[in-house]
Amino acid sequence: MTRVHMAPVPRSSVVTYRDDGVLARGMGLLVAGQLPPLPPAVAGAFVTGVMLFLGVAGADGPSVFAPAVALLLAGPGSSHPHDGRLDWLVPPILRITEYGFIACVGFAWDMPKALLFALLGAILFHHYDVVYRCRQHVYPPAWLASAGLGWEGRMLVVAMGTLLGVVVPVFALLALYLTGLFCWESVTCWLAAPRSGVEAADLGGQD
């Protein structure tokens, strides 16, 4: 029976739940894990909320800069081991920041509801899949977060669509790409994975 190559067990599942892309991880390397992750994540969510409140529609609205600000604030915390008592709050805060930004842009630009839900649904599926995998010791491959653009990359792509006035095409292409990527990778991984999490953990330890 074909079995999938199991990714190494991460130092902390909380780090995996962050779903950082290349940019966020790169910023984390700059501080070498010395920055506590919770305060900057809270600051990034707060600033994003303020920018969304000030204005979403229009290429000159302050919200187009929200993803960059969130990245600058929350990105450096990506390299921290997330072993603090309240560091488990970081992934939910990043999820609220990402989902809230995408939803606000979609509603402000009168996005077809089906398209907005398709994009959010693809991202939600991916995050649920990652959480369930970690619980079963079937860890996602390291390349998946990069290919999925990470929370910061998806926000930046949506912001770029807003800046260029092509929000609907960007939402459509992003939803199609992420749905295909996440569903294909998840299905192939689970079909090839060992039947139990214990077997998966043992297989990972043999690498």
Heavy atoms only: give me the nearest [X]-[Y] pair and the separation to one decimal.
X: A122; Y: F182; answer: O-CD1, 3.5 Å
X: A70; Y: T97; answer: CB-CG2, 4.4 Å
X: P36; Y: P40; answer: O-CD, 3.0 Å
X: L120; Y: I102; answer: CD2-CG2, 3.8 Å
X: G33; Y: P81; answer: O-CD, 4.4 Å
X: S79; Y: A32; answer: OG-C, 3.8 Å

Quick one: does any side-chain atom of [X] pair with a main-chain N or O of [Y] as donor and acceptor, under 3.5 Å?
X: T162; Y: V158; value: yes
X: R95; Y: G100; value: no
X: S186; Y: C183; value: no
X: R154; Y: G148; value: yes
X: S13; Y: C134; value: no
X: E98; Y: M155; value: no

State, with a plain yes or no, whether a side-chain heavy atom of [X] is found less than 4.5 Å away from one of [Y].
X: V157; Y: L149; value: yes
X: L144; Y: H126; value: yes
X: L115; Y: L119; value: no
X: S146; Y: R25; value: yes
X: V170; Y: M160; value: no
X: D87; Y: H80; value: yes
X: L30; Y: P76; value: no
X: H82; Y: R18; value: yes

Look at the aromatic rings of Y132 and W190 and report parallel, tilted or perpendicular, splitting at 30° and 60°.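 Tilted: the ring planes of Y132 and W190 meet at 30° to 60°.
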Can you tell me how the ring of H137 sits relative to the ring of Y139, calling it parallel under 30°, perpendicular over 60° and tilted otherwise?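 Perpendicular, since the angle between the ring planes exceeds 60°.
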What's the spacing between [X] [atom1] and [Y] [atom2] if we round to 0.5 Å?
X: Y99; Y: C104; atom1: OH; atom2: SG; value: 14.5 Å
X: L35; Y: L73; atom1: CG; atom2: CG; value: 10.0 Å
X: F125; Y: T179; atom1: CZ; atom2: OG1; value: 9.5 Å
X: L94; Y: L89; atom1: CG; atom2: CG; value: 11.0 Å

Please assess F171 against V105 for the test side chain to side chain contact (heavy atoms under 4.5 Å, CB included), listing each intermediate value before the final yes or no. CA-CA 10 Å; F171 266 62; V105 171; 4.1 Å; yes
Quick check on the hydrophobic clustering: are [X] and [Y] connected, directly or via other members, by side-chain heavy-atom contacts under 4.5 Å?
X: V168; Y: L164; result: yes
X: V31; Y: V42; result: no
X: V166; Y: W109; result: yes
X: L71; Y: F65; result: no
X: W143; Y: Y177; result: yes

Start with the C-alpha distance between L86 and W88, add both sets of side-chain angles, then the distance that settles side chain to side chain contact (heavy atoms under 4.5 Å, CB included), and finish with yes or no. CA-CA 5 Å; L86 297 178; W88 61 271; 4.2 Å; yes
So which pairs with a foot in residues 107-130 pass salt bridge (Lys or Arg N to Asp or Glu O under 4.0 Å), sequence neighbours left out?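 Those involving residues 107-130 are D129-R133.
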Stepwise side chain to side chain contact (heavy atoms under 4.5 Å, CB included) check, H127 with W151: CA-CA 10 Å; H127 289 150; W151 62 269; 5.7 Å; no
Begin from the C-alpha positions of V130 and D19 and carry the test side chain to side chain contact (heavy atoms under 4.5 Å, CB included) through to its verdict. CA-CA 9 Å; V130 169; D19 193 29; 5.8 Å; no
Sequence neighbours left out, what pairs pass side chain to side chain donor-acceptor pair (under 3.5 Å) with at least one residue falling in residues 29-51?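 Every pair satisfying side chain to side chain donor-acceptor pair (under 3.5 Å) with a residue in residues 29-51: there are none.
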